[in-house]
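Proteins come first, then strands; the chains are lettered A, B, ... in the order of their sequence lines, and each starts at number 1.
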Protein chains: 2
Amino acid sequence: MTDHLRLDLDDYLPYLVHRVGSALAARFTAETLARHDLSIAMWRVLAALSANGEQRQIDLAAMTSIDVSTLSRLVTRLVRRRLAIRRRSKSNSREVVVQLSPAGRALVERLIPVARNLEDTAIAGVSRKDLAVAKRLLRRMHGNMAGQP
Amino acid sequence: MTDHLRLDLDDYLPYLVHRVGSALAARFTAETLARHDLSIAMWRVLAALSANGEQRQIDLAAMTSIDVSTLSRLVTRLVRRRLAIRRRSKSNSREVVVQLSPAGRALVERLIPVARNLEDTAIAGVSRKDLAVAKRLLRRMHGNMAGQP
DNA sequence: TTACAACAGTTGCATTGGCAAGTAAACTGA
DNA sequence: TCAGTTTACTTGCCAATGCAACTGTTGTAA
């Protein structure tokens with residue numbers, strides 16, 4: 001068969017990215033999130049809230065790559081579990097602002113060191129320089145995708 | 001707040017990886033797969049079959065990061081659509097072997113150039129050398145995760 | 001051999017997820 | 001100023017997913 005009709009997955013970037021993403025999510029879920037009864041999606045939302053402070057749901061959705069409708073329900077669950085607070089924006093009453101509750105903040109702060117640890121495990125044996133190159137490339141790729149979503 | 005309790009997402013590798021993976025999947029789905037009525041998961045299975053030939057479902061599941069039960073049903077759908085063939089293994093009758101049908105192969109061969117194209121778009125402006133570094137790192141990360149799943 | 005464990009796959013069940021349609025608020029411009 | 005559009009969010013519906021339980025097969029070791 002001619003070569004351009006074959007795809008070597010081990011050299012195909014989308015495959016490599018997806019595989020690593022899945023492995024990271026699976027590990028973090030099994031080793032850490034499960035015992036707190038959190039899904040990986042919940043963790044992403046909590047981490048985004050922690051990193052960027054209170055946000056509208058639409059911004060959270062963009063940050064976490066979660067669909068807005070899914071996110072709406074997810075926030076409902078987080079609120080029910082008293083990990084997040086949702087309120088109507090003062091300045092624009094069609095918007096909703098989500099923020100961490102004290103309990104949510106405490107939980108995230110306990111999880112962040114564990115998350116860092118997993119990252120360290122994942123990149124064991126990689127030079128600081130190569131790591132920087134890879135991060136730059138991933139940011140670049142994301143930028144390149146931003147054209148028409 | 002002390003620094004180790006904060007997480008800068010734009011510098012956190014699992015976040016960068018997940019974000020890029022989602023963007024790639026969303027683009028490929030919207031621009032290409034949708035018109036063939038394929039999900040991203042179906043594409044991954046077809047691509048894995050194309051790259052590695054006929055396989056047991058358990059191997060396919062590992063290749064695609066799809067749960068075995070989900071994969072079982074997914075293959076059923078592919079078979080119904082005459083894109084794949086499933087048969088009991090001769091040598092070991094508890095195993096099942098999945099392979100592309102001629103129609104499935106034809107479809108994959110039409111999609112592969114498009115997939116390559118998307119990869120090229122994603123890595124536009126990246127040097128060959130940096131790309132190689134990033135791919136090595138992603139393979140390494142996956143290896144580092146393989147410890148206890 | 002034969003009991004027991006490990007393996008491959010499938011299915012039941014409940015949860016989750018995404019799309020499309022709906023609600024309500026805030027712009028827009030003529 | 002007010003009809004039409006856009007924006008932010010929610011909800012109904014159904015497909016897809018994941019876990020656990022189950023079936024059947026193969027491997028193991030006494």
Query - Whole-Å distance separating the CD atom of A/Gln57 from the P atom of D/dT7 - result: 17 Å
Report summary line: From CG of B/Asn92 across to P of C/dA8 the rounded distance in Å is 8 Å
Requested in this report: Give the minimum heavy-atom separation between A/Tyr12 and B/Glu119, together with the two atoms involved.
Outcome: CD1-OE1, 3.5 Å
Query raised in the report: How far apart are the closest heavy atoms of B/Ser50 and B/Ile112, and which atoms are they?
Result: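 Heavy atoms of B/Ser50 and B/Ile112 come nearest at OG-CD1, 3.9 Å.
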Presence of donor-acceptor pair under 3.5 Å, side chain of [X] and base of [N]:
X       : N      : answer
B/Arg94 : C/dA8  : no
A/Arg77 : C/dG17 : no
A/Arg73 : C/dG18 : yes

Of all the nucleotides listed ([options]), which has the minimum atom distance to the side chain of [X]?
X       : options               : answer
A/Ile58 : D/dT17, C/dA25, D/dC9 : D/dC9
A/Ser69 : D/dC9, D/dT10, C/dT10 : D/dT10
A/Ser72 : C/dG9, D/dT11, D/dG18 : D/dT11
B/Glu95 : C/dG18, C/dA8, D/dT10 : C/dA8

Query - Salt bridge B/Asp10-B/Arg19, side-chain N to carboxylate O under 4.0 Å - result: yes
Query raised in the report: Just how large is the angle between the end axes of the helix from C/dT1-D/dA30 to C/dA30-D/dT1, five pairs per end, to 10 degrees?
Result: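 Both end axes considered, the difference amounts to 30°.
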Would you tabulate the side-chain donor-acceptor contacts of residues 32-40 of chain A under 3.5 Å, counting partners in other chains and residues two or more places apart, or write 'none'?
unit_1	atom_1	unit_2	atom_2	d
A/Arg35	NH2	A/Glu31	O	2.4
A/Ser39	OG	A/Met42	N	3.1

Query raised in the report: Is A/Ser93 touching bases, backbone alone, or none of the nucleic acid, heavy atoms closer than 4.0 Å?
Result: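 Touches sugar-phosphate only.
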Report task. Mark yes when over 12 heavy atoms from residues, nucleotides or ligands other than B/Arg88 sit less than 6.0 Å from its CZ; otherwise mark no. Result ->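 Atom CZ in B/Arg88 is crowded, with more than 12 foreign heavy atoms closer than 6.0 Å.
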Query - Residues, nucleotides or ligands: over 12 heavy atoms within 6.0 Å of B/Arg87 CZ - result: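 Atom CZ in B/Arg87 is packed in, count exceeds 12.
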